[in-house]
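See below for the structure under consideration.
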2 protein chains.
Amino acid sequence: MSSRATQPALKTPVSANGKRGGNGKARHREQDIEVGLDGLVGHAGYAVRRFQIWIFQDFIRTLAAVDIKPTQYSVLTVIGANPGLSQMAVAKRLGIERARLVHLLDSLEDRKLVRRVQSRTDRRSHALHLTARGQASLRQFKLLAAEHERHVAEKIGAENREHLLRILAAFT
Amino acid sequence: MSSRATQPALKTPVSANGKRGGNGKARHREQDIEVGLDGLVGHAGYAVRRFQIWIFQDFIRTLAAVDIKPTQYSVLTVIGANPGLSQMAVAKRLGIERARLVHLLDSLEDRKLVRRVQSRTDRRSHALHLTARGQASLRQFKLLAAEHERHVAEKIGAENREHLLRILAAFT
DNA sequence: AACAATTGTTGTCGTCAACAACAATATTTC
DNA sequence: GAAATATTGTTGTTGACGACAACAATTGTT
């Protein structure tokens with residue numbers, strides 16, 4: 001109809017730039033030829049999604065040695081800052097479902113980082129506490145998380161990171 | 001038993017704010033009492049995750065009438081802007097796996113929005129095109145997506161949204 | 001012609017959100 | 001105080017999603 005602009009990438013894969021014909025060294029270079037995103041560029045959701053994927057991957061990589069993923073870290077942090085919280089309270093605060101928190105806590109309890117103590121004020125609920133080992137571990141996790149945060153600052157710029165935190169402060 | 005009344009969150013910061021003492025009208029207000037997040041506040045990943053959840057929910061809600069979700073919208077947009085692209089090219093550009101794109105395209109093709117045309121230059125691949133209906137629909141989807149984008153601007157501020165898009169431009 | 005790589009497809013596995021249902025316990029209401 | 005209602009933790013199901021592996025058809029390479 002109108003804009004055939006950026007070449008479909010199928011016919012005439014690569015024309016100028018004889019990357020392909022020479023010796024058999026250039027491998028799979030076909031369609032990173034500049035595929036237009038059109039409307040997506042102006043969409044905050046798309047940018048945020050891609051950024052979130054990147055940031056989570058870096059977090060997981062940076063804390064791979066201690067095998068702690070973002071959600072686990074958030075749970076440990078909240079319990080560490082508010083000992084005795086119920087599972088419901090933690091779930092509500094972090095925006096995860098209590099059904100899901102059950103498995104998360106099972107795992108953390110198996111690793112002796114968290115303890116479910118029977119609450120005497122409400123025998124339905126569990127009071128969550130970090131074990132001594134959990135507290136020591138969390139200190140180490142926070143060091144690694146700070147390193148991850150430095151990666152973020154390197155990626156987007158320290159002042160941009162600060163600005164972004166301010167912009168999104170309402171969502172924490 | 002009787003004195004503790006409603007404070008399962010054992011040693012929570014609580015404080016004043018007598019939300020509870022009066023008549024028995026206040027329902028389930030137990031632990032939205034200000035649960036500290038401690039270290040999480042300074043973490044970009046946490047803020048970005050929460051924001052991403054909010055923004056996707058608003059997108060889904062705003063486009064619920066046409067039953068289009070963010071991923072579907074991104075696929076339609078890319079195909080619309082680059083007709084004839086192969087599935088591999090679309091998957092690469094959007095960072096989704098080609099295995100997953102198969103199901104996405106199955107759905108979109110069932111709805112007569114997209115067509116898989118046998119490419120004559122490479123009989124393995126399909127050239128992706130929007131149908132006439134797909135093009136008309138996409139125009140409507142973009143109007144709704146723009147409305148969603150206005151919700152984002154209302155939520156975080158128009159200039160903050162602009163700034164955020166600039167900061168994250170590298171990830172699109 | 002023989003070999004390797006790519007494309008679309010199917011399937012599996014593990015993570016995750018959203019629900020529904022349930023037993024044990026607490027709270028409310030009569 | 002007993003009955004009705006609500007909440008907490010738990011188990012299970014469903015569907016979306018990413019990461020892989022395997023495969024047939026086709027293309028590229030040597």
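Below, read A as the first sequence line, B as the second, and so on, with proteins coming before strands; counting in each chain starts at 1.
- Taken residue by residue, residues 52-66 of chain A places no heavy atom nearer than 4.0 Å to DNA chain C.
- Checked against salt bridge (charged side-chain N to carboxylate O under 4.0 Å, His left out), B:Glu97 has no partners two or more places apart in sequence or in another chain.
- Screening residues 66-75 of chain A for salt bridge (charged side-chain N to carboxylate O under 4.0 Å, His left out) gives A:Asp67-A:Arg111 as the qualifying pairs, with residues at least two apart or on separate chains.
- The CE atom of B:Met88 sits 17 Å away from the P atom of D:dT27 (whole-angstrom rounding).
- Across all strands, A:Glu97 comes closer than 4.0 Å to base atoms (heavy-atom distances).
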Give me the distances for all protein-to-nucleotides 24-26 of chain D N/O pairs that come in under 3.5 Å?
from: D:dT26; atom 1: OP1; to: B:Arg123; atom 2: NH2; distance (Å): 3.4

For residues 153-162 of chain B, tabulate all N or O donor-acceptor pairs below 3.5 Å that involve a side-chain atom, not counting sequence neighbours.
from: B:Asn160; atom 1: ND2; to: B:Ile156; atom 2: O; distance (Å): 2.9
from: B:Arg161; atom 1: NE; to: B:Glu149; atom 2: OE2; distance (Å): 3.2
from: B:Arg161; atom 1: NH2; to: A:Gly42; atom 2: O; distance (Å): 2.9

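- Under a 4.5 Å side-chain heavy-atom criterion applied to ILVMFWY residues, the cluster that includes A:Val102 comprises that residue alone.
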Close N or O pairs between protein and nucleotides 13-16 of chain C (under 3.5 Å):
from: C:dC16; atom 1: OP2; to: A:Arg100; atom 2: NH2; distance (Å): 2.9
from: C:dC16; atom 1: O5'; to: A:Arg100; atom 2: NH2; distance (Å): 3.1

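- Residue A:His126 contributes atom NE2, which lies 17 Å from atom P of C:dA23 at whole-angstrom precision.
- Between the CD atom of A:Gln87 and the C1' atom of C:dA24 there is a distance of 14 Å, given to the nearest Å.
- Two residues are said to be in side-chain contact when any heavy atoms from C-beta on lie closer than 4.5 Å; B:Leu105 and B:Val114 meet this criterion.
- Distance CG (B:Leu108) to P (C:dG8): 15 Å, rounded to an integer number of Å.
- Regarding A:Arg120, its CZ atom lies at a distance of 18 Å from the C1' atom of D:dT8, rounded to whole Å.
- Between B:Arg116 atom CZ and C:dT7 atom P the separation is 16 Å, expressed in whole Å.
- Here B:Arg133 pairs with nothing under the salt bridge (charged side-chain N to carboxylate O under 4.0 Å, His left out) rule; sequence neighbours left out.
- With sequence neighbours left out, B:Asp110 forms a salt bridge (charged side-chain N to carboxylate O under 4.0 Å, His left out) with no residue at all.
- For the pair B:Asp106 and A:Arg98, both in contact range of DNA chain C, the more 5′-proximal nearest nucleotide belongs to B:Asp106.
- The ring-ring contact (aromatic ring centres under 6.0 Å, His included) search around B:His163 returns A:His163, not counting sequence neighbours.
- Among residues two or more places apart in sequence or in another chain, the side chain to side chain donor-acceptor pair (under 3.5 Å) test is passed with A:Arg98 by none.
- A salt bridge between B:Arg115 and B:Glu109 is absent, with no side-chain N of the basic residue lying under 4.0 Å from a carboxylate O of the acidic one.
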Tell me which donor-acceptor pairs under 3.5 Å the side chains of residues 50-65 of chain A have, and how far apart each pair is, sequence neighbours excluded?
from: A:Arg50; atom 1: NH1; to: A:Tyr46; atom 2: OH; distance (Å): 2.7
from: A:Arg50; atom 1: NH1; to: B:Leu94; atom 2: O; distance (Å): 3.2
from: A:Asp58; atom 1: OD1; to: A:His151; atom 2: ND1; distance (Å): 3.1
from: A:Asp58; atom 1: OD2; to: A:Thr62; atom 2: OG1; distance (Å): 3.3
from: A:Asp58; atom 1: OD2; to: A:His148; atom 2: ND1; distance (Å): 2.7
from: A:Asp58; atom 1: OD2; to: A:His151; atom 2: ND1; distance (Å): 2.9
from: A:Thr62; atom 1: OG1; to: A:Asp58; atom 2: O; distance (Å): 2.7
from: A:Thr62; atom 1: OG1; to: A:His151; atom 2: ND1; distance (Å): 3.4

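- Protein atom NE2 of B:His103 is 7 Å distant from nucleotide atom P of C:dT10, rounded to whole Å.
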